[in-house]
> 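If you scroll down you'll find the structure; I have some questions about it.
As the structure lists them, so they are numbered: ligands from 1, and atoms in each ligand from 1. Starting from 1, each residue takes its place in the sequence as its number. The shown structure was predicted, so the numbers you read here are calculated from the model rather than taken from an experiment.
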Amino acid sequence: MTAPKKLFIKTYGCQMNVYDSERMAEALGGQGYIETQSAEDADMILLNTCHIREKAAEKVYSELGRFRGLKAANPDLKIGVAGCVAQAEGEEIMRRQPLVDLVVGPQSYHRLPEMEAKTRAGEKALDTDFPEEDKFEKLKARPKAKRGPTAFLTVQEGCDKFCAFCVVPYTRGAEVSRPVDRILTEARDLVERGVREITLLGQNVNAYHGAGPDGDWSLARLIWALNDVDGLERIRFTTSHPNDMADDLIEAHADCPKLMPYLHLPVQSGSDRILKRMNRSHTAESYLRLIERLRAARPDLHMSGDFIVGFPEETEQDFQDTLALVEAVQYGSAFSFKYSTRPGTPAAERPQVDEAEKDDRLQRLQALLTRQQRALQDAMVGREVGVLFEKPGRLPGQMVGKSDYLHAVHVDSDVVVPGDLARVRILSSGPNSLAGEVLPR
Ligand code: SAH
Ligand code: SF4
Ligand code: F3S
């Protein structure tokens, strides 16, 4: 028997890339690859790239350049670029960096095994098509490897919304939903392998409309079907668009026992003028009303969001509107970014806000968001919450997991093991996590 080949994957960007990297590792597992944590002893290096930040492609090129020495030392080493930069740059990558053997876009991962074989035959392999078939169906997993307690499951991919700042519609293509039966089969398989919490993924996950046994299903219906999967304890989903928050999904937050009280619902700005220029097709007011309805359904819902400051033509008044919206919502967590131009998107051509001004606004926004985040976290002290334990903590005898609200919680206890879902009384709140004690059943 030949020694297994080693695969090193470096993943950038969103959770969908994390999920895709797992699938790629499984697909190449069928070709005799096992994963390694170091690029140095790899037979194949895959960079799973993200295109959401400024100069994303440039960073990939400089990262690739660093593999020159490794390739000189090991002529059999194959280097591949996957993900959203691969989709955006395509063939250009091999032209600019001849070290690269393989370029594969996010819609073509099921073709990796043939592509790998091609590189072994000394050829270059490129695929950035948007094919019709379900790539995940073709990416058959290896038999029943044990998994940790939490997993991502992609249910929907791509986006038709074309926000003026965003590359995702170009790199991930049009919106596509996976059929219900495939998702349920994958979910049951994950549970058999030890998973107790599933996060459903999609660039616009709440626009899900996959084919079910009796016509298209909504995301809420899919969640209800997952609620019936024995052994699955928790369901989450991300990322949602405010305009796709259907009534049945809001209601599920009130009634569905396994759906967790945490919702990531990006708003980007609190100024209607800017929202319009962003092509977001919702207003600050409609967003706030939506959150009112969600909180009526689930009063303890923790809200999370994404913000962009310094979008072209954003004034101090527009920014003040964003701060006012944040004050009104009270976020449990949030991600905020300075606007950065993405070539090919409409906003890239518009008059840009001064960089120092962007820095200043980002600082002020983050200060407010951090205060809110900390206040909500501190308010957990004294309360009892469910915690799904994931792994040992930094200190001996410590176990860390996530609360229903997605707070990191550690306990000084040897009464729980990874995969246990326990009731925990929160005793204290630190900068990034809570500490508590496990309650008897
Ligand atoms: N589908 C999700 C988000 C996808 S991208 C949604 O519709 O909300 C993740 C986040 O990156 C976005 O919410 C946005 O806040 C940020 N982002 C995207 N493009 C950006 C850009 N050009 N500059 C700064 N931030 C950006
Ligand atoms: Fe990008 Fe999200 Fe807008 Fe789609 S909805 S274009 S993924 S920010
Ligand atoms: Fe980045 Fe592509 Fe995800 S651009 S955020 S890896 S969809």
> Which protein heavy atom lies closest to atom 7 (S) of ligand 3, and at what distance to 0.1 Å?
Q203 NE2, 3.2 Å
> Taking all non-hydrogen atoms of both residues into account, name the closest pair between L153 and I183 and its distance.
CD1-O, 3.8 Å
> Would you verify whether the NZ or CZ of R23 falls within 45 degrees of the ring axis of Y19 while also being under 6.0 Å from that six-membered ring's centre?
yes
> When K161 is tested against each of R280, H241, Q203 for side-chain contact (heavy atoms from CB on, under 4.5 Å), which residue passes?
H241
> Is E91 atom CD crowded by more than 12 heavy atoms from other residues, nucleotides or ligands, each under 6.0 Å away?
no
> Under 2.8 Å from atom 2 (Fe) of ligand 3, protein N/O/S atom count?
1
> For ligand 2, is any non-hydrogen atom under 4.0 Å from P169's backbone (N, CA, C, O), its side chain (CB onward), both, or neither?
side chain
> Counting the benzene-type ring for Trp, do F162 and Y170 have ring centres under 6.0 Å apart?
yes
> As an exercise, state the distance from CG of D41 to OG1 of T36, rounded to the nearest 0.5 Å.
3.5 Å
> Quick one: which ligand 2 atoms are inside 4.0 Å of a heavy atom on V168?
7 (S)
> Give the contacting part of N204 toward ligand 2: side chain, backbone, both or neither, where contact means a heavy-atom distance below 4.0 Å.
side chain
> Quick one: do the N243 and S281 side chains pair a donor with an acceptor below 3.5 Å?
yes
> Would you name the heavy atoms of G148 and V195 that are closest together and state the gap between them?
O-CG2, 3.4 Å
> Starting from atom 1 (Fe) of ligand 2, find the nearest protein heavy-atom neighbour and note its residue, name and distance.
C166 SG, 2.3 Å
> Sequence neighbours left out, what passes ring pair (Phe, Tyr, Trp, His ring centres under 6.0 Å) with Y339? Give chain and number order.
F311
> Check for me whether R96 meets the cation-pi criterion with Y61, that is, NZ or CZ under 6.0 Å from the six-membered ring centre and within 45 degrees of the ring axis.
yes
> Within 45 degrees of the axis of the six-membered ring of W217 and under 6.0 Å from its centre: does R221 put its NZ or CZ there?
yes
> Does the shortest distance from atom 4 (Fe) of ligand 2 to an N/O/S atom of H241 fall below 2.8 Å?
no
> Do the side chain of D189 and the main chain of E186 share a donor and acceptor less than 3.5 angstrom apart?
no
> Quick test: of every protein heavy atom, which one is nearest to atom 3 (Fe) of ligand 2, and how far off is it to 0.1 Å?
C163 SG, 2.3 Å
> Any idea which residues sit under 4.0 Å from ligand 1, heavy-atom distances?
I52, F165, Q203, T239, P266, Q268, R280, D306, I308, F337, K338, Y339, S340, R342
> Which one holds for C159 and ligand 2: side chain close, backbone close, both close, or neither close, with close meaning a heavy atom under 4.0 Å?
side chain
> Tell me the contacting part of F165 for ligand 2: side chain, backbone, both, or neither, using a 4.0 Å heavy-atom threshold, strictly below.
side chain
> I'd like to know whether the aromatic ring centres of F307 and F319 sit less than 6.0 Å apart in this structure.
no
> Got a list of side-chain donor-acceptor pairs under 3.5 Å for residues 400-408, not counting sequence neighbours?
residue : atom : partner : partner atom : Å
S403    : OG   : Y405    : N            : 3.1
S403    : OG   : L406    : N            : 3.3
S403    : OG   : H407    : N            : 3.1
D404    : OD1  : R234    : NH2          : 2.7
Y405    : OH   : D300    : OD2          : 2.6
Y405    : OH   : R383    : NH2          : 2.9

